[in-house]
Amino acid sequence: MPQKIATELITICHRVEHKGFVTATDGNISARLQNGNILTTPTSLNKRFVQIEDLVEVTLAGQHVRGTRKASSELQMHLFVYRNREDVNAVVHCHPTYATGFAAARIPLTSNVFPEVVIGLGDIPLAEYATPSTAEVSESLKPFVQNSSAILLSNHGVVTYGKSLWDAYFKMEKVEHLAQMLFVAKMLGGEKTITDDQVQNLKKAFLAVK
Ligand code: 13P
């Protein structure tokens, strides 16, 4: 088992639990290995308690390679993202309270309120309701998988993905923070979006300093 990536995956497991993005045995995290296989969390284990020996390695087709536990029940969703996005090396699925609240109210998260979200994340679309752990979940991601890296799953939770485990994880943090800030703005009379011109200026300014 590649130790570095396995250790990082465990760190992210502990972090999502510490941040309260998951409860009980919710959530699942995976990473693409150099050999093209996928390392995933097992099903039904609290993320605080996941250890390297609990991780499960599978092929991109979902065949078991290594590990004594059963892979996450949402493995098909993770594999769907990897198969459709060669640039993606990690997938994080959680049920953070505010973002999942928006997913239950079926309100997508708009980015055009906070400059750092415009730059760092973009809009977070809402996938149609799908029965967890079934192929329906992958089907619900189809319209968004290419152009998004964070998606709300109706009445379910959030999936984020990126070039590394930290990248995918930080997107989850940003989604939940965005949902909290939007929730507060809605309590205060409703968020005001920045204009398309302001978004363009923001992107230009960002390119100039990065
Ligand atoms: P697993 O324990 O099978 O990974 O499932 C947890 C979950 O959050 C399902 O959506």
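Note that ligands are numbered from 1 as they come in the structure, with each ligand's atoms numbered from 1 the same way. Just so it is clear, the structure is predicted and the values come from calculations on it, not from any experiment.
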Working to the nearest 0.5 Å, report the span between NZ of Lys19 and OH of Tyr169. 5.0 Å

Identify, for atom 2 (O) of ligand 1, the protein heavy atom at the shortest distance, and state residue, atom and that distance. Ser44 N, 2.8 Å

Is Glu57 salt-bridged to Arg66, cutoff N-O under 4.0 Å? yes

For Thr41, is the nearest heavy atom under 4.0 Å from an atom of ligand 1? no

Nearest option to atom 7 (C) of ligand 1, as decided by whichever heavy atom of Asn28, Leu75, Val137, Leu153 sits closest: Asn28

Atom 10 (O) of ligand 1: nearest protein contact (heavy atom, Å): His156 NE2, 3.0 Å

Can you list the atoms of ligand 1 that are under 4.0 Å from a heavy atom of His93? 8 (O), 10 (O)

Quick check: are there more than 12 heavy atoms from other residues, nucleotides or ligands sitting under 6.0 Å from CG of Asp87? yes

In terms of atom number and element, which parts of ligand 1 are under 4.0 angstrom from non-hydrogen atoms of Ser72? 1 (P), 3 (O), 4 (O)

Less than 4.0 angstrom from a charged side-chain N to a carboxylate O is my criterion; do Arg15 and Glu173 meet it? yes

I need the atoms of ligand 1 closer than 4.0 Å to a non-hydrogen atom of Thr25, numbered in the order shown. 2 (O), 6 (C)

May I ask whether Gly27 places a heavy atom under 4.0 Å from ligand 1? yes

Kindly state whether the ring of His95 and the ring of His156 have centres lying under 6.0 angstrom apart. yes

Check each heavy atom of Thr43 against ligand 1 and say whether those closer than 4.0 Å belong to the side chain, the backbone, both or neither. both

Sub-4.0 Å atoms of ligand 1 with respect to non-hydrogen atoms of His95: 8 (O), 10 (O)

Separation of Lys174 NZ from Leu121 CG (nearest 0.5 Å): 6.5 Å

Minimum heavy-atom distance between Pro2 and Leu33, given as atom pair plus value: CG-CD2, 3.7 Å

Report the C-alpha separation of Glu17 and Phe49 in whole Å, then their side-chain angles, then the decisive distance to 0.1 Å, and conclude whether the side chain to side chain contact (heavy atoms under 4.5 Å, CB included) test is met. CA-CA 9 Å; Glu17 195 275 341; Phe49 303 134; over 6 Å; no

Going by the atom numbers of ligand 1, which of them fall below 4.0 Å from some non-hydrogen atom of Glu74? 9 (C), 10 (O)

Part of Ser73 with heavy atoms under 4.0 Å of ligand 1, whether side chain, backbone, both or neither: both

